[in-house]
Amino acid sequence: MKPTECSFLFWPMSIAAPPRTQYEAVIGLETHCQLSTATKIFCGCPTTFGAPANSQTCPICLGMPGVLPVLNATVLEYAVKAALALNCQIAPHSKFDRKQYFYPDLPKNYQISQYDLPIAQQGWLEIELVDEQGQSSRKRITIERLHMEEDAGKLVHAGADRLAGSDYSLVDYNRAGVPLCEIVSGPDMRSGVEAAEYAQELRRILRYLGVCDGNMQEGSLRCDVNISVRPVGSPVFGTKVEIKNMNSFSAIQRAIDYEIERQTQALEAGERIRQETRLWEEGSQRTISMRSKEGSSDYRYFPEPDLPPIELTPAQIDHWREELPQLPAQKRHHYEEVLGLSAYDARVLTDERPAAEYFEATVAAGADPKQASNWISGDITAYLKAHKLDIQALPLRPAGLAELLGLIQAGTISGKIAKELLPELLSQGGSPLALVEAKGLTQLSDPAALEAIIDELMVAHPRELEQYRAGKNKLFGFFVGQVMKKTGGRADPRLTNDLLKAKLEG
Ligand SMILES: [Zn+2]
């Protein structure tokens with residue numbers, strides 16, 4: 001909004017200056033996800049990460065003349081499943097196009113992608129934000145389109161010493177032809193937190209489906225951010241800036257927050273925002289200009305003549321839809337609304353599908369959901385991290401955990417004893433009840449036996465007893481501790497409390 005230059009003439013001095021313009025950010029993400037197929041999108045070369053340079057290539061992915069690409073059927077299946085999980089409309093007729101540009105990592109001088117008829121459009125995903133008070137809010141982010149394409153190779157800048165004549169780059173075509181699906185969100189996000197949560201939810205969904213491993217360090221999931229800032233309430237978008245080079249969710253969040261601040265300050269100073277591509281610099285925690293971008297490049301797209309159009313029947317789409325697993329958002333809703341977990345706990349448990357399934361199996365075996373959630377998110381997760389184990393490989397199975405929690409609930413053992421038994425159960429598995437019996441650890445809940453112990457203690461600690469009776473209430477804990485010491489932690493805590501109270505007060 002242009003400030004009205006003459007407004008001060010009519011502004012009486014006693015009234016404050018007009019309110020400062022409030023700005024809001026408009027953010028959209030373009031995400032490239034590598035589909036986890038064993039072979040490339042148009043040839044039979046393997047897609048293994050980290051193989052020796054150019055060892056996974058053939059005439060097709062090297063773009064030799066006269067070769068013909070053939071679409072990998074699993075790529076189509078994975079792309080459609082991802083699109084269905086994102087609530088997209090699947091196109092019954094779709095096609096590939098050539099996107100033409102020159103770059104040394106692109107052997108054909110064009111990339112096979114999808115242009116005007118992508119495989120899917122018009123979907124959405126739901127993000128859930130939990131604030132510091134534990135309050136959660138849900139928001140739908142639209143998905144504009146999802147399409148399939150091939151990846152390019154990788155340039156390795158081997159030398160940069162121009163004077164010594166070692167200024168050259170090497171190219172590795174192992175990645176050329178690796179299948180990607182590009183997912184474009186609507187401009188629906190307003191903050192770094194929302195964008196980071198969108199990217200995380202997208203990764204979760206793809207991992208639940210098993211169509212992408214979501215490894216950002218290896219480049220399996222790459223996010224580009226489009227961001228502009230405008231006065232709140234303005235119907236038009238500001239000039240957008242693209243940010244690249246973020247390889248973690250926190251980097252996405254910080255880069256966006258930095259950029260919102262930078263653009264807002266520029267607008268407030270009356271500057272014009274340049275349309276450009278900026279890079280996130282992790283070291284200095286800022287974005288820097290990479291190149292200006294006036295208008296969009298002309299890639300001279302045209303339909304790929306070597307690949308037939310893609311025709312999908314409703315029966316095929318339905319079949320893939322039926323194979324979809326329950327997705328993270330559905331699980332979160334169920335955990336919160338049916339099982340009574342907090343939004344925070346539901347989020348932690350559903351982050352990875354195997355942990356969610358372990359939790360559900362524990363509850364199905366009779367465990368209390370809240371208890372199961374605490375144990376899985378707490379001690380069990382810590383154990384898995386310390387031992388670099390997957391929950392699927394954990395010797396303590398869900399039925400065993402349910403049995404252990406049942407023993408606490410029934411008063412057979414205390415929570416403290418259960419924690420002591422846990423390392424052995426986690427590493428060996430087996431029946432918690434059998435272990436408790438073998439070690440003679442069942443809880444002491446015979447009032448007569450506990451009373452006898454308390455009597456002994458009162459005789460052994462007359463000074464403490466006298467002080468307690470004189471009003472030093474803190475000493476109650478001392479007696480509880482003595483009972484626990486005497487019984488090896490097996491005394492029923494509630495019964496101990498009741499009996500001690502009665503006895504100490506005389
Ligand atoms: Zn190949």
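Atoms within a ligand are numbered from 1 in the order they appear, just like the ligands themselves. On a predicted model such as this, the values are computed, not experimentally measured, just so you know.
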Engineer: Any side-chain donor paired with an acceptor under 3.5 Å for S284 and E281?
Structural biologist: yes
Engineer: Tell me whether T287 contacts the main-chain N or O of W280 through its side chain, where contact means a donor paired with an acceptor under 3.5 Å.
Structural biologist: no
Engineer: Test your reading of the model: is there a side-chain donor-acceptor pair from K40 to the backbone of A176, 3.5 Å cut-off?
Structural biologist: yes
Engineer: At distances under 2.8 Å, what protein N, O or S atoms surround the Zn ion (ligand 1)?
Structural biologist: C43 SG, C45 SG, C58 SG, C61 SG
Engineer: Among I260, V26, L29, which residue satisfies the side-chain contact (heavy atoms from CB on, under 4.5 Å) criterion with I227?
Structural biologist: I260
Engineer: Provide the full list of salt bridge (Lys or Arg N to Asp or Glu O under 4.0 Å) pairs with a residue in residues 378-405, sequence neighbours left out, each pair given once.
Structural biologist: D379-K419
Engineer: Apply side-chain contact (heavy atoms from CB on, under 4.5 Å) to residues R286 and R254 and explain how you reach the verdict.
Structural biologist: CA-CA 8 Å; R286 63 195 179 117; R254 283 176 285 130; over 6 Å; no
